[in-house]
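In what follows, a structure is listed as structure tokens, so that the remarks can point back to it.
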Amino acid sequence: MTDPVNRTILLLDIEKYSDRDDVEQAYLRRMLYDITDRALESAGIDERLRLRADRGDSVMELIDANASVTALLRALLTEVPELLRSVNRTASSSAQIRLRGVVATGYVAVDELDGWVGSDLNHACRLLDARLLRAALRERPDDFALCVSEGVHTGIVRHGHPGIPADDFHPVTVDSKNGPLRAWLHGPVPHGADDHGEGGGAPAPDCSGESPAPGAASPTPRTPSPGTAERTGPSGVTGAAESTGPSAAAGTAGAAGTAQPTGTAGATESAQPARAAGATESAQPARAAGAAAQPAGAAGVAAQPAGAAGVAGAALQSP
């Protein structure tokens with residue numbers, strides 16, 4: 001593999017190429033090569049200053065670093081749209097050619113199989129394949145959509161050279177499997193694209209995997225069932241004492257005459273007369289058998305298994 005060298009990267013891709021038949025694809029490839037060659041020649045970039053790779057529906061050009069990037073951008077913004085209009089004017093509806101383009105700079109190496117290697121080249125390819133750039137071309141009446149890398153914008157576009165209106169470029173963030181890529185789109189930012197512009201668009205997705213799933217709701221507190229009173233014991237743990245249901249009344253029949261001190265949960269019915277539970281004379285023994293009054297804040301009668309057992313046994317004693 002050769003040492004990486006600095007190159008200007010030009011990528012051009014045909015829209016909806018795979019929807020055409022073989023005859024139309026062959027025609028579109030000839031038009032793509034012709035438009036590319038004429039645009040580069042108008043920028044003063046001949047075959048000695050560039051290296052081409054054929055990708056079927058797209059073309060990749062590695063351009064010598066000494067070639068003018070300003071002249072290349074000017075040709076892409078003026079010559080290419082004119083060439084596309086001229087070609088499409090005489091072509092059938094099924095042979096219309098529309099292009100997406102990317103201009104970037106970076107270091108690229110060539111391996112022993114004549115393949116191109118470099119992270120800057122990979123980033124340029126991600127920009128070319130971005131949903132945002134595809135949507136931009138779809139929404140435009142023109143036949144060309146161009147995106148430039150952050151480096152090209154910083155070094156060339158933002159300075160407002162003749163034929164390169166800086167105000168026509170808008171910052172965008174393109175999502176890729178390598179993370180968000182910042183770039184600059186020529187012309188309006190499309191609406192509803194998965195990628196987004198930076199003028200109030202959605203932020204780039206969090207890649208950490210720590211964001212909540214879409215639509216996830218925060219946990220809701222547990223609602224007590226009917227007949228259940230929530231209380232907090234001395235340890236801070238919330239407990240529930242059944243106090244008003246029929247089964248709860250049967251389980252504490254012998255303690256019906258026992259009144260709990262203020263703050264004791266689960267004894268809301270214990271102040272009723274003892275005769276209502278059939279234990280007229282047994283309230284005192286029952287109290288002594290395990291239904292003694294608990295201090296304030298202590299667990300309720302229904303929560304004490306031993307007390308409940310003593311109460312039930314006392315309720316069966318006769319006077």
Side-chain angles (χ1 to χ4, degrees), residues 8-43 45 47 50-63 72-73 75-104 108 113-118 120-149 172 174-178 181 183 185-195:
T8 299
I9 302 167
L10 171 64
L11 308 177
L12 295 171
D13 184 270
I14 303 172
E15 181 187 51
K16 297 182 179 180
Y17 178 81
S18 60
D19 293 345
R20 324 298 176 91
D21 61 32
D22 292 348
V23 175
E24 291 168 343
Q25 288 182 3
Y27 167 79
L28 292 175
R29 281 173 48 81
R30 290 197 302 271
M31 294 302 101
L32 173 63
Y33 271 58
D34 181 63
I35 291 170
T36 303
D37 289 339
R38 293 171 67 177
L40 291 173
E41 288 172 3
S42 68
I45 304 172
E47 294 181 354
R50 56 188 172 99
L51 180 64
R52 171 174 291 174
D54 189 335
R55 292 295 181 266
D57 61 345
S58 63
V59 63
M60 304 170 65
E61 299 278 352
L62 287 185
I63 301 172
L72 173 62
L73 288 173
L76 292 173
L77 294 175
T78 57
E79 294 290 330
V80 169
E82 284 295 332
L83 292 170
L84 287 169
R85 279 194 291 270
S86 177
V87 169
N88 288 331
R89 185 178 293 115
T90 58
S92 65
S93 59
S94 61
Q96 297 289 303
I97 180 170
R98 309 184 79 220
L99 298 177
R100 303 190 313 276
V102 169
V103 177
V108 182
L113 300 177
D114 291 332
W116 299 354
V117 181
D120 294 320
L121 176 63
N122 294 341
H123 292 165
C125 292
R126 300 287 181 264
L127 294 179
L128 183 69
D129 197 46
R131 289 183 289 266
L132 185 143
L133 186 57
R134 293 175 182 272
L137 181 58
R138 257 194 326 267
E139 293 183 7
R140 295 181 184 182
D142 297 334
D143 298 318
F144 184 56
L146 177 66
C147 186
V148 302
S149 68
V172 294
V174 173
D175 300 330
S176 77
K177 59 186 178 183
N178 301 117
L181 297 176
L185 177 68
H186 180 259
V189 177
H191 300 288
D194 291 334
D195 303 304

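Just so you know, residue 1 is the first one in the sequence shown, and it goes up from there.
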How long is the gap from [atom1] on [X] to [atom2] on [Y], to the nearest 0.5 Å?
X	Y	atom1	atom2	result
D120	T8	CG	OG1	11.5 Å
S42	L83	OG	CG	7.5 Å
Q96	M31	CD	CE	12.5 Å
D13	D57	CG	CG	4.5 Å
L12	L99	CG	CG	6.0 Å
I97	I14	CD1	CD1	4.5 Å

I would like to know whether R126 and D175 meet salt bridge (charged side-chain N to carboxylate O under 4.0 Å, His left out); could you show each step before the answer?
-> CA-CA 8 Å; R126 300 287 181 264; D175 300 330; over 6 Å; no
For the residue pair [X] and [Y], what are the closest heavy atoms and their distance?
X	Y	answer
A183	C147	CB-SG, 3.6 Å
L76	F144	O-CE2, 3.4 Å
A75	A39	CB-O, 3.6 Å
G101	L133	O-CD2, 4.0 Å

If you define the side chain from C-beta out and look only at heavy atoms, does anything of [X] sit under 4.5 Å from [Y]?
X	Y	answer
S58	R100	no
I63	L10	yes
P81	D142	no
D129	R134	yes
V148	L127	no
D143	V80	no
Y27	V87	yes

Listed by chain and number, what are the salt bridge (Lys or Arg N to Asp or Glu O under 4.0 Å) partners of E82, not counting sequence neighbours?
-> R85
Check salt bridge (Lys or Arg N to Asp or Glu O under 4.0 Å) between R38 and all other residues, then give those that pass, not counting sequence neighbours.
-> D34
Using the test side-chain contact (heavy atoms from CB on, under 4.5 Å), find all partners of [X] that sit at least two apart in sequence or belong to another chain.
X	result
S92	S94, A95
H186	L77, L146, D168, F169
R52	Y33, T36, D37, R50, V59, E61
M60	L11, A53, R55, W116, L121, C125

P188 backbone acceptor or donor facing R140 side chain under 3.5 Å = yes
Under the side-chain hydrogen bond (donor to acceptor under 3.5 Å, both in side chains) rule, collect the residues that match up with E15, sequence neighbours excluded.
-> R98
Please test V103 against I9 for side-chain contact (heavy atoms from CB on, under 4.5 Å), starting from the C-alpha separation and ending with a verdict.
-> CA-CA 6 Å; V103 177; I9 302 167; over 6 Å; no
So which pairs with a foot in residues 18-31 pass salt bridge (Lys or Arg N to Asp or Glu O under 4.0 Å), sequence neighbours left out?
-> R29-D54
